There are 2 protein chains.
Amino acid sequence: MSKDTVLDHMKEEGLRLTPQRVHIVELLFELSHPTAERIYSMMIQKFPYVSQATVYNTLKKLKEIGFVKELTNGDKSSNFELTETDHWHFHCKACGEIYDLEPEETEALMAVGTHNGTFLVESFQVEFYGVCAKCKA
Amino acid sequence: MSKDTVLDHMKEEGLRLTPQRVHIVELLFELSHPTAERIYSMMIQKFPYVSQATVYNTLKKLKEIGFVKELTNGDKSSNFELTETDHWHFHCKACGEIYDLEPEETEALMAVGTHNGTFLVESFQVEFYGVCAKCKA
DNA sequence: ATAAATGCAAATGCTTTGCATTGCC
DNA sequence: GGCAATGCAAAGCATTTGCATTTAT
């Protein structure tokens with residue numbers, strides 16, 4: 001999915017394409033699992049008067065229309081990512097890095113998730129927590 | 001795992017067994033994925049002067065020693081549960097209910113999570129989001 | 001005896017909201 | 001032109017922290 005595709009879809013969803021929003025989408029493509037704060041600090045370089053509210057509100061809208069996923073956390077602030085391809089995550093508790101993992105076959109997974117076809121699964125997440133190779137060494 | 005087993009382990013981990021903590025553990029056995037607030041409101045019935053700090057701090061300690069898992073959320077407050085058996089979750093966006101699901105074989109899952117044996121996986125979660133059978137009807 | 005846990009209140013930090021102004025469609 | 005989005009500041013909420021007192025070990 002390209003940046004323009006995302007922007008087109010946003011328009012179709014009734015969202016106005018302001019320069020701020022376009023840049024937020026660009027940053028979501030560039031950065032790896034950024035927090036709202038990280039996006040904000042990058043935004044400031046191009047839009048010195050941008051407000052955190054704009055960043056938060058835009059991320060919320062993008063999440064509502066399904067273009068962005070939020071990775072929540074017990075303590076620290078949320079991380080965001082584009083809902084491009086399905087993948088799983090590994091969170092290293094040592095360095096804080098979040099790695100994308102290629103998923104296995106999800107058929108068996110979905111059989112469980114749909115509770116034998118009775119539940120409607122809209123999305124799912126697989127999150128691993130531990131220590132990455134770098135930090136183990 | 002029984003309540004007493006949990007309490008024994010807590011003691012072994014160096015946690016003092018105060019009446020408040022004992023009751024928090026009891027409530028974790030009784031309630032289904034309670035929030036800290038829910039536990040607090042139940043606590044008050046038995047300990048009218050209990051503070052939210054005690055509830056939050058205890059849950060944090062229990063989480064640190066691995067007896068409790070926290071289910072985070074984008075918007076609402078976290079849900080907590082005892083780390084008893086491994087299971088997955090289904091979150092119904094309509095009624096807010098969190099269902100426990102029996103997991104499938106996790107071998108393939110773990111192969112991905114360990115990044116071919118290079119990462120150390122300490123825990124993992126599988127969370128489904130959608131609409132449950134009741135709410136579909 | 002002593003170090004940890006409690007209750008209270010204040011503080012923190014992330015996120016949301018109200019409102020007047022601006023700007024996309 | 002009209003309504004949505006912006007920036008700003010203030011508010012909201014869940015959670016944490018400081019501190020004096022109490023209590024488990």
Side-chain angles (χ1 to χ4, degrees), chain A residues 4 7-27 33-65 67-80 96, chain B residues 4 6-25 27 33-65 67-80 96:
Chain A
D4 288 334
L7 295 178
D8 285 348
H9 281 279
M10 284 171 66
K11 210 167 196 170
E12 282 170 21
E13 291 284 346
L15 296 189
R16 289 189 182 170
L17 294 187
T18 65
Q20 292 93 328
R21 284 182 173 172
V22 171
H23 198 225
I24 287 174
V25 170
E26 287 170 353
L27 289 171
H33 313 101
T35 59
E37 179 57 34
R38 179 95 213 288
I39 292 173
Y40 173 69
S41 68
M42 296 293 286
M43 287 289 289
I44 284 189
Q45 300 174 15
K46 202 165 181 179
F47 301 90
Y49 295 105
V50 75
S51 68
Q52 314 223 46
T54 296
V55 174
Y56 277 105
N57 290 336
T58 299
L59 289 172
K60 201 177 185 184
K61 288 259 158 103
L62 289 173
K63 194 182 151 196
E64 280 166 14
I65 64 175
F67 281 91
V68 155
K69 272 194 179 178
E70 179 177 3
L71 306 182
T72 56
N73 244 298
D75 35 5
K76 24 186 192 3
S77 50
S78 291
N79 298 87
F80 296 87
Chain B
D4 288 334
V6 172
L7 296 177
D8 286 349
H9 281 280
M10 283 170 67
K11 211 168 196 171
E12 283 170 21
E13 292 283 347
L15 296 189
R16 290 188 182 170
L17 294 188
T18 64
Q20 292 92 330
R21 283 182 174 172
V22 171
H23 198 225
I24 288 174
V25 170
L27 289 172
H33 315 99
T35 59
E37 179 57 32
R38 180 94 212 286
I39 292 173
Y40 172 69
S41 68
M42 296 294 285
M43 286 289 288
I44 283 189
Q45 301 177 13
K46 202 165 181 179
F47 300 91
Y49 295 105
V50 75
S51 69
Q52 315 223 47
T54 296
V55 175
Y56 277 105
N57 289 337
T58 299
L59 288 172
K60 202 177 185 184
K61 288 259 158 102
L62 289 173
K63 194 182 152 197
E64 279 166 15
I65 65 176
F67 281 92
V68 156
K69 271 194 179 179
E70 180 177 2
L71 306 183
T72 57
N73 245 300
D75 34 7
K76 27 186 196 340
S77 49
S78 291
N79 298 86
F80 296 87

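Fair warning: this is a prediction, and the values are worked out from it, not measured in the lab.
The side chain of A:K61 contributes an N or O atom lying less than 4.0 Å from OP1 or OP2 of D:dA5. The side chain of B:T54 places an N or O atom within less than 4.0 Å of a non-bridging phosphate oxygen (OP1 or OP2) of C:dG7. OP1 or OP2 of C:dT6 lies within a sub-4.0 Å distance of a side-chain N or O belonging to B:T18. The side chain of A:K60 places no N or O atom within less than 4.0 Å of a non-bridging phosphate oxygen (OP1 or OP2) of C:dT15. For C:dT6, neither phosphate oxygen OP1 nor OP2 lies less than 4.0 angstrom from any side-chain nitrogen or oxygen of B:Q52. Applying the 4.0 Å criterion to OP1 and OP2 of D:dT16, one finds that B:Y56 has every side-chain N and O outside that range. Taking only side-chain nitrogens and oxygens, A:R16 never comes nearer than 4.0 Å to OP1 or OP2 of C:dG23.
B:E37 comes within 4.0 angstrom of nothing in the nucleic acid, heavy atoms only. Heavy atoms of A:P48 sit nowhere under 4.0 angstrom from any nucleic acid atom. Using a 4.0 Å heavy-atom cutoff across all strands shown, A:N57 reaches at least one base atom of the nucleic acid. Residue-level contact check: B:K76 touches neither bases nor backbone, having no heavy atom under 4.0 Å from any strand. Note on A:S78: only backbone sugar-phosphate atoms sit closer than 4.0 angstrom, heavy atoms only; bases stay farther off.
Here the side chain of B:A53 is nearest to one of D:dA9, D:dT17, D:dT6, namely D:dT17. Comparing C:dG23, C:dC8, C:dT16 by their nearest atom to the side chain of B:Y49 picks out C:dC8. If you check D:dA5, C:dC25, D:dT25 against the side chain of A:L17, the one that comes closest is C:dC25. The side chain of A:S51 lies closest to D:dG7, out of D:dT15, D:dA5, D:dG7. Side-chain proximity of A:T58 to the nucleotides D:dT6, D:dT25, D:dT15 is greatest for D:dT6.
The minimum heavy-atom distance linking A:V68 with A:F80 is given by the pair CG1-CD2, 3.8 Å. Among all heavy-atom pairs drawn from A:N73 and B:T72, the shortest one is C-CG2, 3.4 Å. Annotation for A:S51 and A:Y40: closest pair C-CE1, 3.8 Å, computed over non-hydrogen atoms. The two residues A:Q20 and A:M43 come nearest to each other via the heavy atoms O-CE, 3.6 Å.
Between B:K61 and B:L15, the closest side-chain pair of non-hydrogen atoms falls below 4.5 Å. The side-chain heavy atoms of B:Q52 and B:V55, taken from C-beta on, include no pair separated by under 4.5 Å.
A straight line from CG of B:D75 to P of D:dT15 spans 12 Å, rounded to a whole angstrom. The nearest whole Å value for the distance from the CZ atom in A:R21 to the P atom in C:dT22 is 19 Å. Atom C1' of nucleotide C:dT15 and atom CD1 of A:I39 are separated by 14 Å, given to the nearest angstrom. In this structure, A:K11 atom NZ and C:dC24 atom C1' are separated by 9 Å, rounded to whole Å. Between B:K63 atom NZ and D:dT16 atom C1' the separation is 13 Å, expressed in whole Å. Across the protein-nucleic acid pair, A:I44 atom CD1 and D:dT6 atom P stand 15 Å apart, rounded to whole Å. The CD atom of B:E13 sits 13 Å away from the P atom of C:dA5 (whole-angstrom rounding). Going from atom NE2 of A:H23 over to atom C1' of C:dC24 covers 19 Å, rounded to whole Å.
A donor atom on one side chain and an acceptor atom on the other are found under 3.5 Å apart for A:E70 and A:S78.
Of the two residues contacting DNA chain D, namely B:F80 and A:V50, the nearest-nucleotide position lying further toward the 5' end is that of A:V50. Taking for each of B:P19 and B:A36 the nucleotide of DNA chain D with the nearest heavy atom, the 5'-most of the two is the partner of B:A36.
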